[in-house]
Amino acid sequence: MAAGARLLEPNHPAVVLARGLYGAKDMYAAEAVRHRLSLDEMLKVISGVRSAVGEEIFITVGVPGGFTEKQPIILEDEDFYNIAQAGADGLYTHKTTLEDLEEWVTKAHKSGLLVDAYIAHPDDKHLLGIPAKTPEEVGEAAQAIEQIGVDMIGLITGMTYEGVSVGEIHPQVKERVLALANSVKKTPTLADAVSIITFGGNKMLSDFYHELDFPEQIGKNIVIPDSSNKALYLSEHGELFCYSGIYVRDKNGVSFQSWPYYLWGKDTKSCEKYIKGFFMIRDGCILLTEFVDHDFYNRKRYKQLSNYVVRMPVANTCYFGIEKRIESNNSWYFKENEELSRACFGLTYCELEYLVKVYAERLGICNEYMQYPRITRSMNRDNFCDITGIWIPPKFPYIAFNNSGYSFSHVSLYGFYRHIGVMLSMGSDTIASQIFEHKTFGNEIISRIKQIDDHFPFEIKVTQEYIIPEMYVE
């Protein structure tokens with residue numbers, strides 16, 4: 001209040017997290033169990049906040065049933081009356097259908113409560129509003145919400161997770177905000193920046209982008225380079241696009257670490273009859289996606305990392321990473337950019353080697369004759385992850401928990417990170433978590449793995465049916 005805030009928003013997931021209820025240790029976990037908090041507990045919170053701030057502050061509240069919950073929670077007219085009596089001025093809602101929202105507004109207004117409702121992108125990790133994918137759909141949703149009688153209409157933006165600089169706004173978000181503001185007639189509008197949507201941005205890489213002395217291009221103007229080795233782009237928001245091959249429509253289908261000469265120098269729209277998608281590496285996972293000139297990506301600015309190379313394992317080493325090629329005294333040498341390596345492979349080779357060694361020493365096999373799990377690669381065979389089913393192409397690193405031919409002899413980097421993530425998700429007091437807490441270096445690795453999630457809004461994880469379609473299609 002001393003800073004000048006005039007509106008407060010106590011809500012049930014925030015209360016769950018603040019109190020550490022039901023094992024919630026971050027907002028992702030709190031969102032999953034928020035419905036378990038009782039309305040009586042929220043009434044106490046509302047009453048307490050009102051007592052603390054006085055009558056002049058506007059309090060809008062999120063209560064169980066006000067969002068689209070995992071389990072149905074029905075509030076009656078008496079409940080809305082009690083919310084108002086506890087000290088609330090309005091209801092902060094995240095309904096995802098117009099029908100639910102209309103019923104909520106009718107009941108709230110009977111008790112003198114205002115309602116703010118939201119529009120969200122359907123690919124958000126947690127849907128927190130009426131779904132609208134394009135700016136046009138945002139405008140249509142805003143008009144429908146206004147017709148219902150909502151008192152404030154908001155847009156879930158996700159800017160907190162975008163990696164943009166202070167004062168800036170993601171171009172896609174800006175279009176949606178303008179569509180909202182220009183579509184309603186009288187209802188006040190607002191933007192909520194803390195929804196859980198991400199476009200893969202990275203603050204350190206965003207800063208790195210602005211330091212690079214490379215030409216800048218709008219995505220729609222970038223053409224397919226003459227080699228997949230040159231298809232390495234960094235967006236202004238710190239997203240790494242590491243393309244590693246192409247999925248073409250001819251009989252050869254998959255082309256990893258290369259693409260046909262007849263695509264060189266062309267935009268993808270003129271080549272649609274040839275292309276099903278591009279392979280891209282992110283967090284150690286092979287994804288099928290579009291090129292940077294596609295509508296998903298083409299409004300952003302990019303710099304091609306022309307003097308960087310992606311290293312893959314070879315016959316005598318499993319090392320991988322992204323390195324800068326540096327010229328010195330008429331010779332070349334290479335230096336790893338660890339942040340780029342992490343964006344591509346999840347961890348650097350040294351970090352993963354350390355983690356796998358700790359796992360082997362404490363849970364697996366580690367002696368002078370053998371180590372399991374260990375980092376390895378296949379030089380000629382396509383393999384598939386025994387945990388996730390994700391494609392592991394030749395010369396791509398993976399983790400072996402056993403000899404080839406046995407269960408879990410092929411675990412993708414991404415599958416391994418998810419496996420470790422499951423072990424860590426049970427809390428810091430478990431034996432599984434304590435195994436990996438090992439000095440500062442180890443804790444930094446664990447922190448990085450916790451950030452690797454299963455959210456690829458514009459990409460498809462490449463599995464066996466894409467690589468060997470004849471096994472699945474008659």
Side-chain angles (χ1 to χ4, degrees), residues 226-232 242-247 252-260 279-287 305 307-326 331-338 340-361 364-417 462 464 467-468:
D226 58 16
S227 168
S228 63
N229 295 328
K230 299 178 181 179
L232 191 63
C242 179
Y243 292 105
S244 57
I246 195 168
Y247 193 23
N252 295 319
V254 175
S255 181
F256 191 69
Q257 293 190 293
S258 65
W259 42 60
F279 295 122
M280 181 172 72
I281 310 170
R282 182 169 291 169
D283 286 335
C285 183
I286 308 291
L287 302 168
L305 304 181
N307 61 341
Y308 286 78
V309 296
V310 181
R311 295 290 192 193
M312 294 289 187
V314 293
N316 63 345
T317 178
C318 293
Y319 172 80
F320 56 82
I322 296 182
E323 298 179 332
K324 182 179 182 180
R325 184 174 61 243
I326 302 171
S331 63
W332 297 99
Y333 72 96
F334 296 87
K335 181 179 180 181
E336 183 180 14
N337 183 305
E338 293 185 348
L340 290 175
S341 293
R342 293 185 186 106
C344 183
F345 295 100
L347 296 175
T348 68
Y349 174 78
C350 290
E351 289 168 343
L352 182 60
E353 185 181 45
Y354 171 87
L355 181 65
V356 170
K357 183 73 177 295
V358 170
Y359 192 116
E361 290 174 342
I365 301 172
C366 187
N367 56 48
E368 59 183 312
Y369 303 107
M370 68 174 69
Q371 177 186 317
Y372 285 110
R374 60 185 174 87
I375 306 173
T376 187
R377 75 276 177 256
S378 173
M379 297 304 295
N380 301 304
R381 284 187 55 190
D382 289 308
N383 293 293
F384 299 92
C385 178
D386 290 324
I387 293 178
T388 64
I390 288 172
W391 178 40
I392 307 171
K395 301 178 183 177
F396 196 82
Y398 64 91
I399 308 298
F401 280 78
N402 216 328
N403 283 322
S404 183
Y406 292 89
S407 296
F408 305 107
S409 56
H410 301 92
V411 174
S412 66
L413 301 190
Y414 180 73
F416 182 68
Y417 302 145
V462 180
Q464 189 163 328
I467 306 304
I468 317 175

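Remember, it's a predicted structure, so these values are computed and weren't measured experimentally.
The minimum heavy-atom distance between Cys385 and Ile392, with the atom names listed, is N-CD1, 3.9 Å. A pairwise comparison of heavy atoms in Arg377 and Pro397 identifies CB-CA, 4.5 Å as the closest pair. For Cys318 against Thr376, the heavy-atom pair with the smallest separation is SG-CA, 3.6 Å. Scanning all heavy atoms of the two residues, the minimum distance from Trp259 to Asp226 falls at NE1-C, 4.3 Å.
Using a 4.0 Å cut-off between charged side-chain N and carboxylate O, Glu338 and Arg342 make a salt bridge.
Judged as a side-chain hydrogen bond (donor to acceptor under 3.5 Å, both in side chains), and not counting sequence neighbours, the contacts of Tyr359 are His419. For the side-chain hydrogen bond (donor to acceptor under 3.5 Å, both in side chains) test, no residue two or more places apart in sequence or in another chain qualifies with Tyr243.
Side chain of Asn367 to backbone of Tyr369: a donor-acceptor contact under 3.5 angstrom is found. The backbone N or O of Leu355 lies less than 3.5 Å from no partner atom in the side chain of Glu353, so there is not a single donor-acceptor pair. Within the 3.5 Å criterion, the main-chain N or O of Gln257 finds a donor-acceptor partner in the side chain of Ser228. At distances below 3.5 Å, not a single donor-acceptor pair connects side-chain atoms of Ser378 with backbone N or O atoms of Pro394. Between the Asn229 side chain and the Val309 main chain, no donor and acceptor come within less than 3.5 Å of each other.
Side chains of Ile399 and Leu352 form a contact here, defined as non-hydrogen atoms less than 4.5 Å apart. Using a 4.5 Å cut-off on side-chain heavy atoms (C-beta onward), Tyr398 and Phe384 make no contact. Two residues are said to be in side-chain contact when any heavy atoms from C-beta on lie closer than 4.5 Å; Pro260 and Ile246 meet this criterion. Contact check for Phe345 versus Met312: side-chain heavy atoms found under the 4.5 Å cut-off. For the pair Leu232 and Ile322, the minimum side-chain heavy-atom distance is below 4.5 Å.
Ring geometry, Phe396 versus Phe256: the interplanar angle exceeds 60°, so the pair is classed perpendicular (tilted spans 30 to 60°).
With hydrogens and angles left out, the side-chain atoms of Ser341 and Glu336 include a donor and acceptor closer than 3.5 Å.
Within a 6.0 Å radius of CZ in Phe334, other residues, nucleotides and ligands contribute more than 12 heavy atoms. Counting non-hydrogen atoms of other residues, nucleotides and ligands closer than 6.0 Å to OH of Tyr372 gives a total above 12.
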TODO: Just do the side chain to side chain contact (heavy atoms under 4.5 Å, CB included) check on Phe320 and Tyr349 with the steps written out, would you?
DONE: CA-CA 6 Å; Phe320 56 82; Tyr349 174 78; 3.7 Å; yes
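Here the options are Ile390, Ile281, Leu287, the test is side chain to side chain contact (heavy atoms under 4.5 Å, CB included), and the partner is Tyr414; only Ile390 passes.
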